[in-house]
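Every heavy atom of this structure was used, including side-chain atoms; hydrogens, water molecules and symmetry mates were not. Please read all numbers here as calculations on a predicted model, not as lab measurements. Reminder, nothing fancy here: chain letters follow the sequence lines and each chain counts from 1.
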Amino acid sequence: MSNTQLNEPQTQAVRHVSGPLLVFAGAGSGKTRTITYRIAHLLANEKVPPYRILAVTFTNKAAGEMRDRIEQLVGSGLARDLWVGTFHSVSARLLRRYCGEVGLNRNFVIYDESDQKALMSRVLKSKNLSDREYPPKLILSRIHAKKQEGLSPEQVERSRNFDTTLIELYGLYQKALLSSNAVDFEDLILLIMRLSEKPNSVAGEELRSRFGFVLVDEFQDTNSTQYRLVKALSAQTRNLCVVGDDDQSIYRWRGANVGIIRGFRRDFPDACVVKLEQNYRSSANIVQAALSIIESARSREPKRLWTEQALGSPIIVRSVADERDEAAWVVRTVRERLSQQVDPRQIAVFYRVHAQSRVLEEAFRAENLPYQIIGGTRFFDRAEIKDILAYLRLVENPNSEADLVRIINVPARGIGKKTIELIFDEATRMGSSAWHALKSSTESPGLPTAARQKLRQFVNLINEWRAALVAGNTPFQLANRIVDESGYRKYLQDQDSAESDARIGNIEEFLGSIAEYEDDTELTDEKSTLTGYLERISLVAAPDAMKDVPKVALMTVHAAKGLEFDTVLLSGMEDDVFPYKGLDLGESDELDEERRLAYVAVTRAKVHLSIFHASQRTLFGQTRYLRRSMFLDDLPDGIVKHEASHQSLGRFSNDKNIEIESARPLSRDRWLTHEKSAASDALRPGERFVDRSAFDDLAHSEPATTLRRGQSVFHARFGRGIVENIESGAESPMVTATFPGFGRRKILSRYLVNG
DNA sequence: TCTAATTGCATTTTT
DNA sequence: TGCAATTAGA
């Protein structure tokens, strides 16, 4: 393997073999290249067996990219046995192996926020605490903070916002998780960390000696528990390599602690420290802009990004009237870049908060520019998907309380509130799982016969599916049975509304994704198991990232980390928006983090950077006058071109007539996922329009057909109808229309065509 | 049990 | 402003 493609410090990081290594990798400094070359070097030149190397990332995307690129260097044979994954997936994999040590069963399930909330609500009920006084979300966030510090309920000390009740709740919550045979995201790491640190234990020894080399990416984002984990896992050889950039630490609010990367040398005084400071991504002007912003930070590791690239075009700072004016200018700038032959997928629009996206989105739609929104609600967060998933998880692990409480009466099967309460209270009292209490309740004389009957039916239902699972039903077969036999499909069909139609569609899509999983696993190695599938979707966000479609990306700055674009349009650069208000800006740590966020935004741009600030903005229903962001004051005059638009550009059309052309779903994940299914689903005529959104058609896009009252439309099921009313809906405009023979119906406009 | 109405709430969200 | 989540009502 030749290292000629690496610069001096990169080579140093690659060649370093034993002992701790700390790499400060500036934005655009070839970090991924360095990491992958380093691993390739260990494999090929140092002959380290692949299974002895562990590389940890924070996102699945980063893990996937890393594995792919290593594979390109050393071939799939060696790469396959590497341990490459996120903190969570690696921990989950280890925890399946050592679950017995912590009282879990092999088929434990992983609880997401809503599961956690459901469980906490149950805990509160059992303690007769009102969730008004103790909001589950707040309590959980406080508990998670402690878990991220590695503290058990016993270790937590009483403090102002962690009183005795909270400590008790933390303990009860953990107990409830255990009896549910479930873990939350924090547990995955915490439990393995504890095992790895455990002296004189078989598991501990095994874990500490399992890996010869440990590598951590985005090290600035680690929390205390994660740090302790990788320290323990590399304890035997001390070959711990951490790579990160404290200037890009933007997840403090999630427990990330910049102090860890900054203090690494204190913990490992013999660490070799390498700084990658040459930027290969951006023009010199952009690098300068980024530097001038970050250098005002109160505290940071000293380093200086530099580049050999030309100055490039100046940073455009455009002053606009308000958010609509801003959107109009954003769109105009995008058009300009497109006309200069810039690929739309090389253009991105950033904002500080999601709430800013709506106006931008409207402008893109009105102008018929192809765009995609990154982030937002996820497919698997939809209620109907979560319901089916809860059934599946219950089949896998009937002890799961959060799942049981979710679907015991969904669809309604006459199991009333009081019955449910009784069962769960009984479980708490007995210290047993809810499933156990449910089973004994079918015999309980304390319940009316009718109730017992219903409960028994429910138990039988679950048991039948469990038998089917044991008999070898695949996840897909099982899910199909559940959708039908639980009565869920019928329940939705009976509702017969626009929403329920959409839900059925989502479920079909969900079933499709299970089939896809089965095909995937078949192609690779293992057989597809329900455990595997559930773990995968617990730890992988479905539309994990940007689709590689020719569309302009709209996203929060947080979502932009790790990406790069030819052209970046940064919107809402005003004080109180960015840096965000409501932060205690006297707290220099918080302001520093906002500053780093701005640094991340700027360093995403390769060639062209436009920054927008409005003098007036309506956000959360409040209109306010705003000053341009203090961060803009840091930009030196020489690299900036200020543009003020005193007469505003005018507004994009906001006609009450909704254009069918733009009536495609607004919601982010729909947008991301429905292309795939559109072709195969004849029941969705509206989706025919999807093709037209392709960038190729931009130049000659056809005039939009409009939807207005009194107009005739066609629906696949109801046939021809007349539009009576149009309202904006969450997904796409909601149309009320009368269909002869079917009466008045509310339909999402994407299910309609002009007729 | 389902719907409508009301209330309260709103950074960022890798898993 | 826009929504989701709870609550009241039929």
Side-chain angles (χ1 to χ4, degrees), chain A residues 56-64 85-92 110-114 116-117 121 131-132 135-137 141 144 148 183-189 217-218 220-223 226 248-256 323 350-359 374-378 380-381 383 409-417 491 494-495 497 499-500 535-542 544-545 555-563 572 576-583 590 593-594 596-598 600-601 617-623 666-667 727-731:
Chain A
V56 208
T57 63
F58 278 86
T59 67
N60 293 295
K61 194 174 153 230
T86 63
F87 267 104
H88 298 273
S89 68
V90 166
S91 300
I110 300 164
Y111 276 3
D112 68 9
E113 290 84 34
S114 69
Q116 294 162 24
K117 238 181 86 189
S121 296
D131 42 11
R132 259 215 175 291
K137 256 178 80 180
S141 78
H144 286 144
Q148 285 159 357
V183 295
D184 63 20
F185 291 130
E186 258 67 54
D187 282 337
L188 283 173
I189 293 158
D217 189 20
E218 304 280 13
Q220 77 279 0
D221 289 336
T222 46
N223 62 39
Q226 291 161 338
Q248 292 185 64
S249 167
I250 56 175
Y251 285 107
R252 197 174 93 109
W253 49 276
R254 288 209 62 172
E323 70 275 6
F350 298 162
Y351 33 83
R352 176 66 244 266
V353 296
H354 278 303
Q356 292 167 252
S357 71
R358 219 194 77 244
V359 181
I374 311 300
T377 352
R378 296 181 298 189
F380 289 106
D381 285 342
N409 198 33
V410 177
R413 45 174 73 87
I415 301 176
K417 245 194 172 121
Y491 157 73
D494 288 349
Q495 285 177 23
S497 65
E499 291 89 344
S500 65
E535 179 161 319
R536 179 156 117 165
I537 64 166
S538 298
L539 297 179
V540 179
D544 201 9
M555 67 187 89
T556 64
V557 181
H558 281 89
K561 198 179 79 162
L563 305 175
D576 288 6
V577 176
F578 199 171
Y580 190 76
K581 64 143 188 283
L583 296 168
E590 305 235 311
E593 178 136 324
E594 290 291 300
R596 293 192 294 262
L597 194 57
V600 167
R617 180 180 297 274
T618 306
L619 207 57
F620 303 127
Q622 260 201 321
T623 306
L666 270 174
S667 125
E727 339 161 35
S728 61
E731 291 206 342

### Message
Side chain of A:Ala412 only, heavy atoms from C-beta on: which candidate in B:dT1, B:dT15, B:dT12 is closest?
### Response
B:dT1
## Note on the structure
Residues A:Gly414 and A:Asn409: closest non-hydrogen pair is N-OD1, 3.3 Å
#### Entry: Minimum-distance nucleotide to A:Asp221 side chain [options: B:dT14, B:dT13, B:dT15]
B:dT14
### Query
Quick one: which of B:dT12, B:dA10, B:dT15 gets closest to the side chain of A:His354?
B:dT12
### Summary
Sorted by chain and number, sequence neighbours left out, side-chain contact (heavy atoms from CB on, under 4.5 Å) with A:Val90 holds for A:Leu54, A:Trp83, A:Leu94
### Task
Remember a base hit wins even if backbone is also touched, and classify A:Asn409 as base, sugar-phosphate or nothing at under 4.0 Å, heavy atoms.
sugar-phosphate
### Task
Write down the distance separating the C1' atoms in C:dA5 and B:dT12, rounded off to the nearest Å.
22 Å
### Task
Could you tell me whether the side-chain ring of A:Trp253 sits stacked on the base of B:dT12, using a centroid cut-off under 5.5 Å and a plane angle under 30°?
yes
### Phosphate OP1/OP2 of B:dT14: any A:Asn60 side-chain N/O under 4.0 Å
no
### Message
Please tell me if A:Arg358 has a side-chain N or O lying less than 4.0 Å from either OP1 or OP2 of C:dG2.
### Response
yes
### Query
Quick one: A:His88 NE2 to B:dT15 C1', roughly how many Å, whole number?
4 Å
### Query
Base, sugar-phosphate alone, or nothing: which one does A:Tyr251 contact when heavy atoms must sit under 4.0 Å apart?
base
#### Entry: Integer-rounded Å distance: B:dT12 C1' and A:Asp576 CG
16 Å
#### Entry: Whichever of A:Ser89 and A:Gly414 has its nearest DNA chain B nucleotide further upstream toward 5'
A:Gly414
### Query
In whole angstroms, how far is the C1' atom of C:dA4 from the NZ atom of A:Lys117?
9 Å
Between the protein and nucleotides 6-9 of chain B, list the N/O to N/O atom pairs that are separated by less than 3.5 angstrom.
none

### Task
With the side chain of A:Tyr580 defined as its heavy atoms from C-beta on, choose the nearest nucleotide among C:dG2, B:dT11, B:dT13.
B:dT11
### Query
Of all residues at least two apart in sequence or in a different chain, which pass the salt bridge (Lys or Arg N to Asp or Glu O under 4.0 Å) check with A:Asp131?
none
### Message
From CD of A:Glu590 over to P of B:dT12, roughly how many Å is that when rounded to an integer?
### Response
15 Å
### Message
Distance check needed: B:dT13 C1' versus A:Glu186 CD, whole Å only.
### Response
12 Å
### Query
Between A:Leu563 and A:Lys61, is any pair of side-chain heavy atoms under 4.5 Å apart?
yes
### Integer-rounded Å distance: B:dA10 P and A:Arg617 CZ
20 Å
### Message
Looking at A:Arg352 and A:Val577, would you say the former's side chain and the latter's main chain have a donor-acceptor pair under 3.5 Å?
### Response
no
### Query
Of A:Arg254 and A:Val353, whose closest DNA chain B nucleotide lies nearer the 5' terminus?
A:Val353
### Summary
From CD of A:Glu113 across to C1' of C:dA5 the rounded distance in Å is 17 Å
### Heavy-atom check, side chain of A:Tyr111 versus side chain of A:Asp187, under 4.5 Å
no
### Message
Using the side chain to side chain donor-acceptor pair (under 3.5 Å) definition, which of the options A:Gln248, A:Gln226, A:Lys561 pairs with A:Asp221?
### Response
A:Lys561
### Task
Rounded off to whole Å, could you give me the CD1-to-C1' distance for the A:Ile374 and B:dT13 pair?
15 Å
### Task
Quick one: do A:Arg252 and A:Glu590 satisfy salt bridge (charged side-chain N to carboxylate O under 4.0 Å, His left out)? Show the steps, please.
CA-CA 9 Å; A:Arg252 197 174 93 109; A:Glu590 305 235 311; 3.0 Å; yes
### Task
Look at the side chain of A:Arg352 and decide which nucleotide, out of B:dT14, B:dT11, B:dT1, has an atom nearest to it.
B:dT11
